[in-house]
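In listed order, ligands and their atoms are each counted from 1.
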Amino acid sequence: MTDSNGTIKVGEKIYDTKVMPGTIGPSVLDIGSFYGKTGMFTYDPGFTSTASCESKITYIDGDAGVLLYRGYPIEQVAEHGDFLETCYLLLYGELPTAAQKADFDYRVTRHTMVHEQMARFFQGFRRDAHPMAVMVASVGALSAFYHDSTDISDPQQRMIASMRMIAKLPTLAAMAYKYTVGQPFVYPKNDLDYTSNFLRMCFAVPCEEYKVNPIIARALDRIFILHADHEQNASTSTVRLAGSSGANPFACIAAGIACLWGPAHGGANEAALAMLAEIGSVENIPKFVARAKDKNDNFRLMGFGHRVYKNYDPRAKIMQKTAHEVLNELGIKDDPLLDVAVELERIALHDEYFVEKKLYPNIDFYSGITLKAMGFPTSMFTVLFAVARTVGWIAQWREMIEDPSQKIGRPRQLYTGSPRRDYIPSSKR
Ligand code: SDX
């Protein structure tokens, strides 16, 4: 891949620039010296046409509905691998050998416990605190317990912090859930795989042995794979920006969790299920579709639309298949929410408003139905998204730290406020 020359014409002036090609996908125009040459900033709120970095981790072709993890199609990774294999792939760039996978599983498993004092940390929350509030706080608080892995200039400490977060997020997530339902925290068990361990920490009670349903565990593990990484989405960009200041890795991931919470982003799975419940029945769908199309109504179909995908989100297809698989396994024959979801999707995909705006179901449209069937309350849906996305945030954070061209992120602005004016004493206002 070789750069080529480009030019930018502003008025009568022509400025040289560089066109940098990617392996696949759009090339970029290097405008790093644009301000120095022109005295002007480029302007792109929402970064719809702006590449913030160079990355080798994940590639999305929004028009084709393609998602690649280190070059491997999401359909194949989700079908053949497990979540920890995906974590290894995203972190190291290659699929692990059997020995590498066994070693990685062993290392993650033995970091799943959290410092015992973390349990006391939870007591400060009301029982009805949203689990995402608990996650933002508790993940940020990890930096207060693991001082030996906060020096980001040390590759060894970066790796330990990475393993700790991949391993401890499920434990903290399960503790956040148990705290809201008033049940005792359940310790991880080293003889269980990653996702089975998480299910047991969430749903086991001291009064009886908890038996993991392997079909449910496999389905949730696949859901984690689908959520693991997704290029420079809002929360990943938050983690990169926080990391560019040199903040410790736990603080950066806590910032990512905070951003993911928004209903336009990772909070959409919780919002989508609430929307399906509000619609309630297939008969009510036309009314809500009309509201989604009404410019004067800020109602949106949650779980629909995407900044990048202008085709079907490939993850949504796998999520839909997983929803049916889980409902069948659990003997849920006619889930009214699934009926509403399937009919809503059918209507929306044939409605000229959605077709013209290229609005398709995204990963959040079917995930809520599946997670609810598994027994998770809606308030835990985004927490599960955060558990899975932690590896993506960490892989992107490490890539940013190890990028020799990395510098603190500091965007500029178009200022349209008041020109300079002198202070007016209060007696004269
Ligand atoms: C995730 O970035 C990622 O990769 C995110 C994610 C990941 O893995 O990290 O994929 C996870 O966040 C998925 C998205 C989850 N969010 C939702 O489902 C919330 C509902 N969707 C929308 O809010 C919206 O589609 C966004 C936020 C997802 C994308 O918004 P954009 O790219 O800024 O697009 P837009 O808001 O400018 O919408 C374009 C047009 C607008 O109409 P016009 O102003 O052009 O007339 O489409 C309309 C919007 O009004 N529109 C919708 C709609 N989404 C967009 N209309 C009705 N319902 C919707 N859901």
Whether the [X] and [Y] side chains hold a donor-acceptor pair (N or O, under 3.5 Å, no angle test) is what I'd like checked.
| X | Y | value |
| --- | --- | --- |
| Q320 | E345 | yes |
| R164 | S149 | yes |
| N248 | T150 | no |

Self-check item: Heavy-atom closest pair, residues A219 and E325
Solution: CB-OE2, 4.1 Å

Quiz item: Y366 and A316: which non-hydrogen atoms are nearest, and at how many Å?
Solution: CD1-O, 4.1 Å

Are there protein heavy-atom neighbours of [atom] below 4.0 Å?
| atom | result |
| --- | --- |
| atom 24 (C) of ligand 1 | yes |
| atom 34 (O) of ligand 1 | no |
| atom 37 (O) of ligand 1 | no |

Going by heavy atoms, is [X] under 4.0 Å from ligand 1?
| X | value |
| --- | --- |
| Q232 | no |
| N362 | yes |
| E231 | no |
| A234 | no |

Closest to [atom] (judged by heavy-atom distance), picking from [options]:
| atom | options | answer |
| --- | --- | --- |
| atom 49 (C) of ligand 1 | K357, R300, K293 | R300 |
| atom 54 (N) of ligand 1 | L260, D294, L359 | L359 |
| atom 21 (N) of ligand 1 | F299, F304, Y309 | F304 |
| atom 18 (O) of ligand 1 | G303, G392, A388 | G303 |
| atom 60 (N) of ligand 1 | L301, D229, I363 | L301 |
| atom 16 (N) of ligand 1 | S237, G262, A264 | A264 |

Quiz item: Do the rings of Y92 and F104 sit parallel, tilted or perpendicular, given the 30° and 60° boundaries?
Solution: perpendicular

Quiz prompt | Distance filter under 4.0 Å to R307 heavy atoms, resulting ligand 1 atoms | solution = 29 (C), 31 (P), 32 (O), 33 (O)

Quiz item: Which residue holds the protein heavy atom closest to atom 9 (O) of ligand 1, what is that atom called, and what is the gap in Å?
Solution: R389 NH1, 2.9 Å

Tell me whether the NZ or CZ atom of [X] lies within the 45° cone about the ring axis of [Y] and under 6.0 Å from its centre.
| X | Y | result |
| --- | --- | --- |
| R291 | F299 | yes |
| R110 | Y106 | yes |
| R127 | Y179 | yes |

